[in-house]
Amino acid sequence: MSPVKAVLFDRDGTLVEDVPHNADPDRVRPVDGAREALALLREHGIRTGVVTDQPGVARGLLTDADVRRVNHRVDELLGPFDVFAVCSHDPDDGCGCRRPQPGMLLWAGGRICTGPAELVVVGATAADAEAARRAGAHGILVPNGRTRPEETTRADHVAPDLLTAVRAVLDGPPKGRVLVDERPIRQAFTADPGPGGHTGHA
């Protein structure tokens with residue numbers, strides 16, 4: 001059993017394609033490798049959760065019900081998740097839950113009885129990494145097209161994709177700054193990736 005008990009994923013831009021202030025469940029599209037990465041964690045008995053900042057609620061661009069419907073669609077496509085956590089405040093509200101504040105991560109960990117030392121947070125921004133650090137959890141940055149170079153430079157741990165991030169924590173918290181695919185070299189280069197581009201197995 002891995003010392004890591006749970007992995008929390010940022011929703012937009014990490015698990016699913018980033019659609020700003022998305023209120024339409026039909027626009028939810030998982031990113032490449034998301035299904036395989038989540039399946040791998042669940043196979044190893046590691047809980048999974050989703051965290052998401054939705055300031056559009058505070059700005060009147062979408063409703064709490066819209067967020068719930070989109071989260072339900074994420075759960076249909078990639079679940080079942082053990083916990084969903086949402087911050088619906090505006091950045092100027094000064095709340096303790098919006099990242100880089102740690103409140104949402106600590107709340108989500110508490111809901112699934114996971115202490116910070118046993119928790120890994122995967123996201124695409126410096127705010128995700130900083131929130132993990134403030135919570136006492138382990139943060140992994142998986143850059144996307146909107147991640148700034150300086151965010152990648154400052155991150156404690158960086159992985160090129162979700163599958164690499166997940167494989168890096170199956171035996172414990174991440175080690176090293178730049179995480180690599182830990183599959184045996186022969187398997188990594190000879191396995192047939194199939195039409196989806198991934199084997200789906202470690």
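Model, not experiment: these values are computed from the prediction. Sequence positions, counted from 1, serve as the residue numbers for this chain.
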With sequence neighbours left out, write down each residue that passes side chain to side chain contact (heavy atoms under 4.5 Å, CB included) with A37, or none if nothing qualifies. L162, L163, V166
Here the pair of heavy atoms bringing P160 nearest to L179 is CD-O, 3.5 Å
Under the salt bridge (charged side-chain N to carboxylate O under 4.0 Å, His left out) test, which residues partner R134, sequence neighbours left out? E130
Taking F9 as the starting point, is it possible to reach V31 by hopping between hydrophobic residues whose side chains are less than 4.5 Å apart? yes
Given 3.5 Å as the limit, does a donor-acceptor pair link the side chain of R42 with the main chain of P80, or not? yes
In short, salt bridge (Lys or Arg N to Asp or Glu O under 4.0 Å) pairs touching residues 81-94 with sequence neighbours left out are R59-D90
Only pairs at least two apart or in different chains count here, so list each side-chain hydrogen bond (donor to acceptor under 3.5 Å, both in side chains) that has a residue in residues 14-30. D18-R146
For T147, side chain to side chain donor-acceptor pair (under 3.5 Å) partners two or more places apart: N144
Between E151 (side chain) and T125 (backbone), is there a donor-acceptor pair under 3.5 Å? no
For R35, check side chain to side chain contact (heavy atoms under 4.5 Å, CB included) against everything at least two apart and list the hits. P30, L77, L78
Taking every non-hydrogen atom, the tightest pair across R98 and C87: CB-SG, 3.5 Å
Answer with yes or no whether the hydrophobic clustering places V86 together with V28; edges join I, L, V, M, F, W, Y residues whose side-chain heavy atoms lie under 4.5 Å apart. no
Counterpart residues, side chain to side chain contact (heavy atoms under 4.5 Å, CB included), relative to R69 (two or more places apart): P25, A65, D66
Ring pair (Phe, Tyr, Trp, His ring centres under 6.0 Å) pairs touching residues 84-104, sequence neighbours excluded, are F81-F84
Show me the side-chain donor-acceptor pairs of residues 170-177 shorter than 3.5 Å, one per line, residues at least two apart or across chains.
unit_1	atom_1	unit_2	atom_2	d
K175	NZ	P173	O	3.4
R177	NH1	T152	O	3.0
R177	NH1	A155	O	3.2

Could you pull out all residues at least two apart from R47 that satisfy salt bridge (charged side-chain N to carboxylate O under 4.0 Å, His left out)? none
Contacts of D53 that satisfy salt bridge (charged side-chain N to carboxylate O under 4.0 Å, His left out) - sequence neighbours left out: R99
Same cluster for V7 and L105 if Ile/Leu/Val/Met/Phe/Trp/Tyr side chains link at under 4.5 Å? no
Mind listing the side-chain donor-acceptor pairs of residues 107-123 below 3.5 Å, one per line with the distance, residues two or more places apart or on another chain?
unit_1	atom_1	unit_2	atom_2	d
T114	OG1	I112	O	3.1
E118	OE1	G115	N	3.2

So if you build clusters from Ile, Leu, Val, Met, Phe, Trp, Tyr with side-chain heavy-atom gaps below 4.5 Å, do L8 and L15 land together? no
